[in-house]
Amino acid sequence: MSFLWRWSKRAVFALLILILLLLSPIAYVETACRGAQQVDPYQPILSDPAWQRAETRTLLTYPEWHIVHAYDDYARVIR
């Protein structure tokens with residue numbers, strides 16, 4: 001029984017060491033990789049908020065220019 005207990009303690013210790021080794025790159029990146037903060041000089045062309053969409057609605061929307069020009073391009077191809 002003490003043989004099994006001794007090997008189970010070693011297995012748990014080895015598992016903890018493995019977990020620490022796997023987490024060490026994440027800890028390094030999260031603590032040591034810091035960049036300098038830069039001010040974003042971007043100003044929209046039209047600054048009217050009523051004209052613009054909310055930023056949350058623009059990431060996954062299908063671009064309107066593609067909808068408008070897709071059929072024109074397709075007509076040129078099949079012509």
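In this text, all values refer to a predicted model and were calculated from it rather than measured experimentally. Numbers here are sequence positions counted from 1.
- Here the side chains of Leu18 and Leu22 are in contact, with some heavy-atom distance below 4.5 Å.
- Within the 4.5 Å cutoff, the side chain of Ile19 has heavy atoms near those of the Leu23 side chain.
- Both Leu21 and Phe13 belong to a single network of hydrophobic side chains, linked directly or stepwise wherever heavy atoms of I, L, V, M, F, W or Y lie under 4.5 Å apart.
- From Arg10, atom CZ reaches atom CG of Leu15 across 16.0 Å, with rounding to the nearest 0.5 Å.
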